[in-house]
Amino acid sequence: MERYDPKTIEPKWQQVWDDARAFETPNPAPGEADGEPHWYQLEMLPYPSGTLHMGHVLNYTMGDVLTHFRRRNGWKVLRPMGFDSFGLPAENAAITEGGHPREITERNIAAIRVQMRRLGWAIDWTREISAHEVDFYRWTQWLFLSFFERGLAYRAAAPVNWCPNDQTVVAHEYVVDGRCDRCGTLVEARNLEQWFFKITAYADELLEYDLPEWGDWPERTKTIQRNWIGRSEGAEILFRIEELDTDIPVFTTRPDTLFGATFFVLAPEHPLVERIANSEVDEYAKRTAARRGEARATEEAKTGVFTGHYATNPVNGERLPVWVADYVLMEYGTGAIMAVPAHDERDREFAETFDLPIRQVIDEEHGVLVDSGEFTGRPIEDGERKIVESLREQGRGAPAVSYRLRDWSFSRQRYWGAPIPIVYCDDCGMVPVPEEELPVLLPEVEDYRPKGVPPLASNEEWLYVPCPRCGKTARREADTMDTFVDSSWYYLRYVDPRNEDAPFDRRLVDYWCPVSQYIGGIDHATGHLLYSRFFVRVLREMGLVGFGEPFARLFHQGWLQMGGSKMSKSKGNVEGPDALVDEYGADAVRTYILFMGPADQDMEWTDTGIEGIVRFLRRLWRVVLEVAEGAPAGGAANTPLARKAHTTIAKVTDDIERRFQFHTPISAVMELTNELARSPEDPAAPFAAETAVSLIQPYAPHVAEELWQRLGHERLWETPWPQADPALLERETFELVIQVNGRVRDRVEVPAGLPDEELVARAKDSPRVQAHLDGSEIKQTIVVPGKLVNIVTK
RNA sequence: GCCGAAGUGGCGGAACUGGCAGACGCGCCGGACUCAAAAUCCGGUGGCCUUCGGGCCGUGUGGGUUCGAUUCCCACCUUCGGCACCA
């Protein structure tokens, strides 16, 4: 018999699919196909900073299974692909390899396309986009201008993270444990003028996870985002510093403890600190403001200096000493706090260090306020409300909300990104480049390597342009945009990738979006996934889209491990699919990577594991060919094998569609194949063979297509998904489990549909059961119809 | 500290709604084919005991609810992830 040879059948079918344009999905014409079920399947696009590794293979194969499954179930499926080709990952790769970023990036893209084709993924290549192409980034610039007009993109001085290795500012979202997510270098705190997106204005909207347009997001992802946004309710209260004739607002979540305030603290960076003429304070503020992040957080002992000034507590007129201390952060709340050492651990520590008074104002045991003037004796919540009310009447306070979230810093002092379309004019100030002058092309520069100053500024011919407003010579913005700006909207461009008049057509985004199913790493929970949600909220306000969330359903694949540790470039254990495809074939690689375990868990790759899958595919090949060469189908037989085929259809369908579980369907098809191999004479053998081939097609499309053809059929990729016949799922007999006192003692085959009493009678007939009853008195019998009988004795 | 997820054979894992624990695969053991090997096929494989009929134990630990718990409840242990001088 002919051997299973993936090396010949895989290229063959890849060519057939290409020629047939099998996976292209045209957009509906205006007014057409509105009611047709459609599905937008998307996986996070790759950075072309190298070629694909096995993590990508898992991600895209999962998307591929869903794509085939939906297509064959009558859905119109949009399944595009593109490249996140701008930004640090691609640029750093270019620096390492020593070529121009465009050259390296495009070379990697070409290589990835070949890899993707070899894996046989069902991608609509007519919609391919790359972030670095002018056709794409002109619209990134256009969107920037729209945000700018609305005041949602602004330039300001603020504490930012500076990566000394990448020589650029990086976003808070991509600083992990104080290190740059791209290169692992410890970041430094700098106060720099940078571009920001005003994502904080959408903090409350981004916490709306209960809108009807939400499909299904993992609870843990929402939790991570909630923690990141960090919403706290409380009050803002004005404290007065009489000597300086100033009111200082503080934010507190515990206005009920206001009477317990015994001192007042300013962050070292607080603007008021400069006004306090005192060399000791000055020295302390300068020293501590420079230290941030990790260094400041891990400091064991509290430090601070007294300013010599006093702030008045509005609730009782008490004068509280004003200190400067670095445990108060400028970027949270108002950068100033009222300190209540009795009810705040940090304040207590500080008070103990500097011997400041500690006054208890809450009786924790009874949950009431004590030593709190007119509010004494009130329950905590009531007291809190009354205190804020009273402050409000005096104009000294109001309820307030504070967030941990900070605005998204998106300007980068790097070459490989979309230029920010802004011009600085001495007379007109900051002037946006007019829409009709877009795109602002990324210029060539002699040296694109990072030097801490924007490389774009070195091209003076590009840099100096007439001011769009007054015509006088002005200077372009030379920073470029963060790559996450590109990925915040790329999924919208896929629906209309060649549009020359707009980023996309409203009709088409509203037809396809939100993305039906998004798949990608959870490492983007607070970055890309939050940025994209922010973008869509803004785009909806602009009337560009008719929905408020980008991704209806979200799934995070687990990390693939090789050799015991998480795959990462720094560990050097990143393996690509090419050698494995050479050795085992794409179908085996695809099937094994999903067979390894639940797709959302971390998994360890083993070469012996994939050999099990190869054995399965060979067995399938052999068994199906035997059937194909044997007798033709024997009609609609109701045999054990036919029933097995139908239960397998039901199981595979339910697992993929409802349970989103990709490894158990493979087990189910293996079972069917094993049973088919055991009973080749069963009249339902041809049907079972067809079913096995049809069900494995989303996983192993090449061998499935080949076997389908040998079984005398065509174009499995567009053949409707098999349907389980409910009549054949019903069994005529079943194995009745008999328990005595909850322990299984026997199993007997009985006809389905017997009344309970009859089942109990059959159970009692069993000699084994009788041995265990041993004449003891029966207290109770429990019957689970179609399953078991439990006899309970005294 | 706060929030979240998870603990099942030698290994990856299954058991979906409280009803047969260990499907499927890997590995291992035995057998067939072969001069031999590979490939393939067949059988076995949680632990302990056994008079070979079967019995007992077993899903991180300890309790509980229930006729019955991997599944529900309480407490704890361990691992992983998020936040963290956030007022």
Side-chain angles (χ1 to χ4, degrees), chain A residues 3 176 218-232 234 250-254 257 265 267 296-300 302 325-329 331-340 343-347 349-350 402-406 522-523 525-526 556 559 592 595-598 600-613 615-616 618-619 622 651 654-655 658-659 661 663-674 677-678 735-747 767-768 771-772 779-784 786-793:
Chain A
R3 287 179 49 129
V176 180
E219 207 48 53
R220 61 183 170 140
T221 314
K222 295 190 233 173
T223 304
I224 289 170
Q225 290 198 347
R226 277 194 203 98
N227 287 345
W228 186 259
I229 295 167
R231 183 181 202 272
S232 298
V250 303
F251 174 77
T252 178
T253 54
R254 295 293 305 275
T257 64
V265 189
R296 197 154 135 177
T298 52
E299 204 69 43
E300 331 71 43
K302 291 270 181 293
D326 67 357
Y327 82 92
V328 174
L329 308 176
E331 55 274 21
Y332 184 78
T334 63
I337 62 154
M338 61 172 208
V340 186
H343 305 290
D344 182 280
E345 218 178 295
R346 298 147 300 174
D347 295 346
E349 210 183 300
F350 193 85
S402 193
Y403 302 90
R404 213 198 69 92
L405 182 70
R406 279 173 261 163
I522 196 168
D523 47 329
T526 60
H556 299 298
W559 290 104
Y592 178 59
F595 182 67
M596 284 167 66
D600 58 351
Q601 281 177 30
D602 294 358
M603 293 178 286
E604 172 77 30
W605 177 277
T606 66
D607 285 352
T608 50
I610 193 172
E611 279 160 19
I613 290 293
R615 281 204 272 274
F616 158 63
R618 279 198 205 118
R619 180 180 304 137
R622 196 188 66 238
K651 159 106 183 132
D654 187 55
D655 280 355
R658 181 181 64 84
R659 299 181 70 204
Q661 189 163 286
H663 59 315
T664 43
I666 301 169
S667 300
V669 177
M670 286 174 170
E671 283 186 55
L672 176 60
T673 307
N674 291 345
R678 275 193 294 270
E735 193 176 56
L736 179 69
V737 173
I738 307 167
Q739 297 181 332
V740 177
N741 294 323
R743 316 181 70 113
V744 178
R745 295 304 179 187
D746 203 0
R747 304 179 175 98
R768 290 182 188 177
H772 280 279
K779 201 170 92 183
Q780 196 186 353
T781 55
I782 283 124
V783 179
V784 182
K787 280 198 178 132
L788 66 72
V789 168
N790 186 14
I791 299 170
V792 186
T793 63

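Naming convention: chains lettered A, B, ... in sequence-line order (proteins, then strands); numbering from 1 in each chain.
- With distances taken from any side-chain atom of Arg745(A) to the nucleotides G27(B), C56(B), A87(B), the minimum falls on C56(B).
- Gly612(A) comes within contact range of the sugar-phosphate backbone alone, with a heavy-atom separation under 4.0 Å but no base atom that close.
- For the P atoms, the distance from G7(B) to A87(B) is 33 Å, rounded to whole Å.
- When the P atom is used for both U61(B) and A69(B), the distance is 15 Å, rounded to whole Å.
- Taking both residues in full, the closest heavy atoms of Val328(A) and Gly335(A) are given as CG1-O, 3.6 Å, listed atom of the first, atom of the second, then distance.
- Going from the C1' atom of U51(B) to that of C42(B) covers 31 Å, rounded to whole Å.
- Going from atom CD of Gln225(A) over to atom P of C83(B) covers 12 Å, rounded to whole Å.
- Within the nucleic acid shown, Val737(A) comes within 4.0 Å of at least one base atom, counting heavy atoms only.
- Between C42(B) and Arg678(A), no contact under 4.0 Å exists linking OP1 or OP2 to a side-chain N or O.
- Spacing between C28(B) and G81(B) at atom P, rounded to whole Å, works out to 33 Å.
- Of the candidates C20(B), G13(B), A87(B), the closest approach to any side-chain atom of Val744(A) belongs to C20(B).
- With C24(B), C83(B), U40(B) as the candidates, the nucleotide lying closest to the side chain of Glu671(A) is C24(B).
- Map Phe595(A) and Ile782(A) each onto its nearest nucleotide of RNA chain B; the residue landing nearer the 5' end is Phe595(A).
- Among the heavy atoms of the strands, none lies under 4.0 Å from Arg3(A).
- For the pair Ile791(A) CD1 and G68(B) C1', the computed distance is 14 Å after rounding to whole Å.
- Between the side chain of Gln225(A) and the main chain of Ala525(A), a donor-acceptor pair closer than 3.5 Å is present.
- The distance between atom CD of Gln661(A) and atom P of G12(B), rounded to the nearest whole Å, is 17 Å.
- When both distances must be under 3.5 Å, the Watson-Crick or G-U wobble mate of C24(B) is G12(B).
- Nearest nucleotide to the Glu735(A) side chain, out of C20(B), C16(B), C26(B): C20(B).
- The same atom, P, is picked in C73(B) and in U17(B); the two are 14 Å apart, to the nearest Å.
- In the set G13(B), A87(B), G25(B), the nucleotide with an atom closest to the side chain of Pro598(A) is G13(B).
- Both Arg618(A) and Gln601(A) lie near RNA chain B, and the one whose nearest nucleotide falls closer to the 5' end is Gln601(A).
- Closest contact between the side chain of Leu788(A) and the listed nucleotides C83(B), G19(B), G55(B) involves G19(B).
- Taking 3.5 Å as the limit, the base of C67(B) and the side chain of Lys779(A) contain no donor-acceptor pair of atoms between them.
- Rounded to the nearest Å, the gap between the P atom of A32(B) and that of A38(B) is 14 Å.
- Residues Phe251(A) and Tyr332(A) meet the side-chain proximity criterion, which asks for heavy atoms closer than 4.5 Å.
- For the pair Asp344(A) CG and G1(B) C1', the computed distance is 13 Å after rounding to whole Å.
- The gap from the P atom of G64(B) to that of U50(B) amounts to 32 Å, rounded to the nearest Å.
- Taking atom CG of residue Asp607(A) and atom P of nucleotide G27(B), one finds them 11 Å apart after rounding to whole Å.
- By the 4.5 Å heavy-atom criterion applied to side chains, His556(A) and Asp600(A) are not counted as neighbours.
- His343(A) comes within contact range of no nucleotide atom at all, as no heavy-atom separation falls under 4.0 Å.
- Across all strands shown, Ser232(A) has heavy atoms under 4.0 Å from sugar-phosphate atoms exclusively, and none from any base.
- Using a 4.0 Å heavy-atom cutoff across all strands shown, Pro218(A) reaches no nucleic acid atom at all.
- Across all strands shown, Arg226(A) has no heavy atoms under 4.0 Å from either base or sugar-phosphate atoms.
- Using a 4.0 Å heavy-atom criterion, one finds that Gln739(A) contacts the bases of the nucleic acid, with or without backbone contacts as well.
- Taking only side-chain nitrogens and oxygens, Arg619(A) comes nearer than 4.0 Å to OP1 or OP2 of C41(B).
- Residue Asn790(A) places a side-chain atom within donor-acceptor reach of the base of C67(B), judged by atom type and a 3.5 Å distance cut-off alone.
- Taking 4.5 Å as the limit, some side-chain heavy atom of Pro598(A) sits within range of a side-chain heavy atom of His663(A).
- Among the atoms of the strands shown, only primed sugar atoms or phosphate atoms (P, OP1, OP2) are found under 4.0 Å from some heavy atom of Arg220(A).
- When the side-chain nitrogen and oxygen atoms of Arg743(A) are compared with OP1 and OP2 of G58(B), none of them lie within a distance under 4.0 Å.
- OP1 or OP2 of G25(B) sits under 4.0 Å from a side-chain N or O of Asn674(A).
- In this structure, His663(A) reaches the A14(B) phosphate: one of its side-chain N or O atoms is under 4.0 Å from OP1 or OP2.
- The CD-C1' distance, from Glu611(A) to G25(B), rounds to 13 Å in whole Å.
- G53(B) and C80(B): their P atoms are spaced 49 Å apart (whole Å).
- Residue-level contact check: Lys651(A) touches the bases, meaning some heavy atom is under 4.0 Å from a base atom.
- Nucleic acid contact class of Ile224(A) (heavy atoms, under 4.0 Å, all strands): sugar-phosphate only.
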